Participant: 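Sharing a structure here in structure tokens format.
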Amino acid sequence: MAYDAFLLLSFGGPEGQEDVLPFLENVTRGRGIPRERLETVAGHYRKFGGVSPINAQCRALVEALRPRLDLPVYWGNRNWHPMLADTVRQMRDDGVQRALAFVTSPFGSHSSCRQYLDDIALARAEVPDAPVIDKIRQYHDHPGYIAPHADAVRAALDALPSRMAARLVFTAHSIPTSMNAASGPGGTGRYLAQLRETAALVAAEAAPELGWDLVWQSRSGAPHVPWLEPDVNDHLEALAKEGVTEVVVSPIGFISDHLEVIWDLDEEARATAGRLGLAFARAATPGVDPRFVDMIRQLVDERVLAHSNVRHALGTVPTWDFCPADCCVSPKRA
């Protein structure tokens with residue numbers, strides 16, 4: 001299939017103190033999140049000058065991709081500038097007819113996949129004569145995603161007093177259990193299945209001799225709504241009671257060091273580990289690791305050169321180019 005542009009599609013984040021609350025209002029619009037909860041989260045951003053690292057990370061990824069792709073590279077966000085509709089308008093004005101979109105979440109769920117498809121549809125509806133935009137497949141088990149995470153785990157292990165005493169703790173963004181149940185075609189729990197596979201692949205490559213767990217972070221919902229558990233801090237408490245003395249925490253659910261990684265892990269989880277007397281090392285995320293950048297180029301090639309039948313995948317949870325209508329529907333509609 002012919003494409004004449006590449007679109008990096010991300011979550012977005014504030015870039016100054018005055019952006020923080022408007023950004024959070026965009027994120028939570030229609031969800032009934034209490035104002036006091038927004039103020040609490042705003043405090044996390046304000047500790048870092050009101051700046052989320054995600055936009056700078058997207059700029060770095062755009063610059064890393066430009067020499068690797070034979071397509072003009074655009075960037076748009078779901079929740080903050082550059083807003084997706086503005087980017088789509090610029091693409092149209094530049095004469096783009098059909099673009100391929102890479103989303104900065106590797107996994108399938110309503111919030112991490114389907115909602116981005118909805119964002120694309122809404123942005124195109126705002127722009128007369130908008131280009132067609134197709135989303136690149138999920139990539140939770142691509143070698144270019146697994147290898148940087150595995151190397152980061154090895155480096156974190158080297159920072160601990162005794163590698164053989166460590167426990168690997170893999171983290172990802174928690175979602176409501178109903179959203180996980182609705183993820184995948186017809187509701188197959190795809191989000192959890194993919195993350196378990198990612199964790200197993202990273203552990204097998206980085207330290208097959210060590211035990212590991214998959215836990216969750218960044219819960220933001222109402223207390224009465226069940227979300228995926230355990231929380232990383234609760235899990236560290238449990239490990240300490242079991243006699244574990246060292247942990248490597250690896251945020252396999254993230255492609256770069258979002259604010260959730262910096263706050264939830266570098267601040268809160270590290271403090272929990274310190275209180276419990278656990279030696280703590282946090283593994284890095286891929287960022288602009290050359291293997292990750294090459295992965296994106298390979299995913300583009302898969303679609304542009306569809307006749308080649310080359311598909312890079314280390315796991316068994318399937319991926320596909322076009323999601324069916326009943327894939328990762330909103331839990332409210334499931």
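Owing to the predicted nature of the structure, the values given are computational and were not obtained by experimental measurement. In what follows, residues are counted from 1 in the order of the sequence shown.
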Participant: Charged N to carboxylate O below 4.0 Å: is that the case for Arg163 and Glu209?
Facilitator: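 Looking at Glu209 together with Arg163, the answer is yes, because their closest N to O distance falls below 4.0 Å.
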Participant: Less than 4.5 Å apart, side chain to side chain, heavy atoms only: is that true for Tyr3 and Arg303?
Facilitator: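 A side-chain contact under 4.5 Å exists here.
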Participant: Taking all non-hydrogen atoms of both residues, which atom of Asp4 and which atom of Gly95 are closest, and how far apart?
Facilitator: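 Closest approach of Asp4 to Gly95, heavy atoms only: OD2-O, 3.9 Å.
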Participant: Any donor-acceptor pair under 3.5 Å linking the side-chain atoms of Asn79 with those of Asn77?
Facilitator: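 Side chains of Asn77 and Asn79: no pair found under 3.5 Å.
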Participant: Which heavy atom of Arg114 sits nearest a heavy atom of Pro324, and at what distance?
Facilitator: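 Between these two residues, the closest heavy atoms are NH2-O, 2.7 Å.
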Participant: Check whether Thr87 reaches the backbone of Trp75 with its side chain - one donor and one acceptor, N or O, closer than 3.5 Å.
Facilitator: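 It does hold such a pair.
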Participant: Look at the rings of His173 and Phe254 and say which category their plane angle falls in: under 30° parallel, 30 to 60° tilted, over 60° perpendicular.
Facilitator: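 His173 vs Phe254 ring planes: tilted.
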Participant: Could you state whether Val249 and Val244 fall into the same hydrophobic cluster, counting links through intermediate Ile, Leu, Val, Met, Phe, Trp or Tyr residues with side-chain heavy atoms under 4.5 angstrom apart?
Facilitator: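 As far as the 4.5 Å side-chain criterion goes, Val244 and Val249 are connected within one cluster.
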Participant: Within the 4.5 Å heavy-atom criterion, are Val215 and Asp231 side-chain neighbours or not?
Facilitator: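 Not in contact.
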Participant: Do Leu299 and His142 have side chains that get closer than 4.5 Å, going by heavy atoms?
Facilitator: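 Yes; the side chains approach each other to less than 4.5 Å.
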Participant: Classify the side-chain pair Glu237/Asn233 by whether it contains a donor and acceptor separated by less than 3.5 Å.
Facilitator: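 Looking only at side-chain atoms, Asn233 and Glu237 do not form any donor-acceptor pair under 3.5 Å.
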Participant: For Trp212, does the six-membered ring have the charged nitrogen or CZ of Arg196 within the cation-pi criterion, i.e. under 6.0 angstrom from the centroid and within 45° of the normal?
Facilitator: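 Arg196 over Trp212 ring: no.
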Participant: Taking the six-membered ring of Phe107 as reference, does the NZ or CZ atom of Arg137 fall below 6.0 Å from its centre and within a 45° cone about the axis?
Facilitator: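 Pair Arg137/Phe107 does not count as cation-pi.
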Participant: Decide yes or no for Leu7 and Leu100: does some side-chain heavy atom of the first lie under 4.5 Å from some side-chain heavy atom of the second?
Facilitator: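 Side chain of Leu7 against side chain of Leu100, heavy atoms only: no contact under 4.5 Å found.
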Participant: Do side-chain atoms of Asp141 reach the backbone of Gly315 as a donor and acceptor pair under 3.5 angstrom?
Facilitator: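 The answer is yes, because a donor-acceptor pair under 3.5 Å joins these two groups.
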Participant: Is the terminal nitrogen or CZ of Arg78 (NZ for Lys, CZ for Arg) located under 6.0 angstrom from the six-membered ring centre of Tyr116 and within 45° of that ring's axis?
Facilitator: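 Yes, a cation-pi geometry.
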Participant: Taking Ala5's backbone N and O only, do any of them form a donor-acceptor pair with Arg98's side chain (distance below 3.5 Å, no angle check)?
Facilitator: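 No, because the side chain of Arg98 does not come within donor-acceptor range (under 3.5 Å) of the backbone of Ala5.
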Participant: Kindly give the heavy-atom pair with the smallest separation between Pro251 and Ala283, and that separation in Å.
Facilitator: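 That would be CD-O, 3.4 Å.
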Participant: Would you please test His235 and Asp213 for side chain to side chain donor-acceptor pair (under 3.5 Å) and show each step?
Facilitator: CA-CA 9 Å; His235 188 65; Asp213 309 290; 3.0 Å; yes
Participant: Between Val41 and Arg37, is any pair of side-chain heavy atoms under 4.5 Å apart?
Facilitator: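 SC-SC contact between Val41 and Arg37 confirmed.
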Participant: Side-chain heavy atoms nearer than 4.5 Å, only ILVMFWY residues, links allowed to pass through others: does that put Leu195 and Leu265 together?
Facilitator: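 Not linked; separate clusters.
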Participant: Less than 3.5 Å apart, any donor N or O on the side chain of Gln138 or Thr319 sitting next to an acceptor on the other?
Facilitator: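 Checked: Gln138/Thr319 side chains show no N/O donor-acceptor pair below 3.5 Å.
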Participant: Quick one: are Asp151 and Arg291 in side-chain contact, heavy atoms under 4.5 Å?
Facilitator: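 Yes - at least one pair of side-chain heavy atoms lies under 4.5 Å apart.
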Participant: Give me the atom names and distance for the closest heavy-atom approach of Arg124 to Pro131.
Facilitator: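 For Arg124 versus Pro131, the nearest heavy atoms are NE-O, 2.6 Å.
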Participant: Show your reasoning for whether side-chain contact (heavy atoms from CB on, under 4.5 Å) applies to Thr177 and Trp227.
Facilitator: CA-CA 5 Å; Thr177 56; Trp227 283 52; 5.5 Å; no
Participant: Under 4.0 Å between a Lys/Arg side-chain N and an Asp/Glu carboxylate O for Arg270 and Glu267?
Facilitator: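 Here Arg270 does not pair with Glu267 in a salt bridge, since their nearest N and O are not under 4.0 Å apart.
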Participant: Taking the side chain as every heavy atom from C-beta outward, state whether Leu239 and Val169 have any pair of such atoms under 4.5 Å apart.
Facilitator: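 Contact flag for Leu239/Val169 side chains = yes.
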Participant: For a quick test of reading the model, state the closest non-hydrogen atom pair linking His258 to Pro53 and the distance between them.
Facilitator: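 His258 and Pro53 have their closest heavy atoms at C-CG, 4.0 Å.
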Participant: Could you give the distance from CG (Asn26) to NE2 (His81), rounded to the nearest 0.5 Å?
Facilitator: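 Result: 8.0 Å between the selected atoms.
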Participant: Between Val153 and Tyr145, is there shared hydrophobic-cluster membership here, with clusters defined by ILVMFWY side-chain heavy atoms closer than 4.5 Å?
Facilitator: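 Yes, same cluster.
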Participant: Would you mind checking if Glu25 and Arg29 are paired as a salt bridge, meaning a charged N to carboxylate O distance below 4.0 Å?
Facilitator: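 Not counted as a salt bridge, because no side-chain N and carboxylate O are separated by less than 4.0 Å.
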Participant: Under 4.0 Å between a side-chain nitrogen and a carboxylate oxygen: does that hold for Asp301 and Arg297?
Facilitator: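 Answer for the salt bridge query: yes.
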Participant: For a side-chain contact (heavy atoms from CB on, under 4.5 Å) with Ser52, tell me which candidate from Tyr45, Phe11, Trp80 qualifies.
Facilitator: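 The side-chain contact (heavy atoms from CB on, under 4.5 Å) with Ser52 is passed solely by Tyr45 among Tyr45, Phe11, Trp80.
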Participant: Can a donor-acceptor pair be found between the side chains of Ser183 and Ser109 at a distance below 3.5 Å?
Facilitator: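 Checked: Ser183/Ser109 side chains show no N/O donor-acceptor pair below 3.5 Å.
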Participant: Measuring from His312:NE2 to Gln298:CD, what's the distance to the nearest 0.5 Å?
Facilitator: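 Separation between the atoms: 4.0 Å.
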Participant: Do the side-chain N and O atoms of Glu229 and Ser174 include a donor-acceptor pair separated by under 3.5 angstrom?
Facilitator: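 No, Ser174 and Glu229 have no side-chain donor paired with an acceptor closer than 3.5 Å.
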Participant: Would you say the side-chain atoms of Glu197 pair up with the backbone N or O of His140, donor to acceptor, closer than 3.5 Å?
Facilitator: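 Looks like no, no N/O pair under 3.5 Å.
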Participant: Is there a side-chain contact between Lys47 and Trp263 (heavy atoms, below 4.5 Å)?
Facilitator: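 Yes; the side chains approach each other to less than 4.5 Å.
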Participant: Is there a donor-acceptor pair under 3.5 Å between the side chain of Asp19 and the backbone N or O of Glu15?
Facilitator: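 Yes; judged by distance alone, with no hydrogens or angles, the pair exists.
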Participant: Are Ile252 and Val232 co-members of a hydrophobic cluster defined by side-chain heavy atoms under 4.5 Å apart?
Facilitator: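 No: no chain of side-chain contacts under 4.5 Å links Val232 to Ile252.
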Participant: Transitively linked via ILVMFWY side-chain contacts under 4.5 Å: Leu61 with Tyr139?
Facilitator: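 Yes, because Leu61 and Tyr139 connect within a single hydrophobic cluster, where side-chain heavy atoms sit under 4.5 Å apart.
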Participant: Check step by step if side-chain contact (heavy atoms from CB on, under 4.5 Å) holds for Trp320 and Cys327.
Facilitator: CA-CA 11 Å; Trp320 45 81; Cys327 189; 3.8 Å; yes
Participant: What distance separates Phe6 CZ from Met91 CE, expressed to the nearest 0.5 Å?
Facilitator: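 It is 10.5 Å, given to the nearest 0.5 Å.
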Participant: Dump the intermediate steps for salt bridge (Lys or Arg N to Asp or Glu O under 4.0 Å) on Glu302 and Arg311, then the final yes or no.
Facilitator: CA-CA 7 Å; Glu302 279 184 13; Arg311 204 170 185 87; 3.7 Å; yes
Participant: Kindly compute the distance separating CD (Glu268) from CD (Gln217), expressed to the nearest 0.5 Å.
Facilitator: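 Glu268 CD to Gln217 CD: 9.5 Å, rounded to 0.5 Å.
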Participant: Could you please spell out the steps behind the salt bridge (Lys or Arg N to Asp or Glu O under 4.0 Å) verdict for Arg219 and Glu260?
Facilitator: CA-CA 10 Å; Arg219 175 187 170 132; Glu260 291 95 334; over 6 Å; no
Participant: Could you check whether Gln57 and Ser256, counting side-chain N and O atoms only, form a donor-acceptor pair closer than 3.5 Å?
Facilitator: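 Yes, a side-chain donor-acceptor pair sits under 3.5 Å.
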Participant: Go through Phe280 and Thr272 one step at a time and tell me if the side-chain contact (heavy atoms from CB on, under 4.5 Å) criterion holds.
Facilitator: CA-CA 10 Å; Phe280 178 98; Thr272 297; over 6 Å; no
Participant: Indicate the atoms forming the closest heavy-atom contact of Gln115 with Ser111, along with that distance.
Facilitator: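 The pair with the smallest heavy-atom distance is OE1-CA, 3.7 Å.
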Participant: Tell me whether Asp70 at atom CG has more than 12 heavy atoms from other residues, nucleotides or ligands lying less than 6.0 Å away.
Facilitator: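 Atom CG in Asp70 is not packed in, count stays at 12 or less.
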Participant: For Arg92 and Val96, run side-chain contact (heavy atoms from CB on, under 4.5 Å): C-alpha distance rounded to whole Å, both residues' side-chain angles, the deciding distance at 0.1 Å, then the answer.
Facilitator: CA-CA 5 Å; Arg92 180 208 58 191; Val96 173; over 6 Å; no
Participant: Can you tell me if Arg154 uses its side chain to pair, donor with acceptor, with the backbone of Glu205 under 3.5 Å?
Facilitator: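 Checked: pair present.
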Participant: About how many Å separate CD1 of Ile296 and CG of Leu8, when rounded to the nearest 0.5 Å?
Facilitator: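 Interatomic distance, Leu8 CG to Ile296 CD1, rounded to 0.5 Å: 7.0 Å.
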Participant: Within a 6.0 Å radius of atom CG on Asp158, are there more than 12 heavy atoms belonging to other residues, nucleotides or ligands?
Facilitator: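 Yes, the 6.0 Å shell around CG holds more than 12 heavy atoms from other groups.
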Participant: To the closest 0.5 Å, what do you measure between CD1 (Ile175) and CG (Leu192)?
Facilitator: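 Between Ile175 CD1 and Leu192 CG, I get 8.5 Å after rounding to 0.5 Å.
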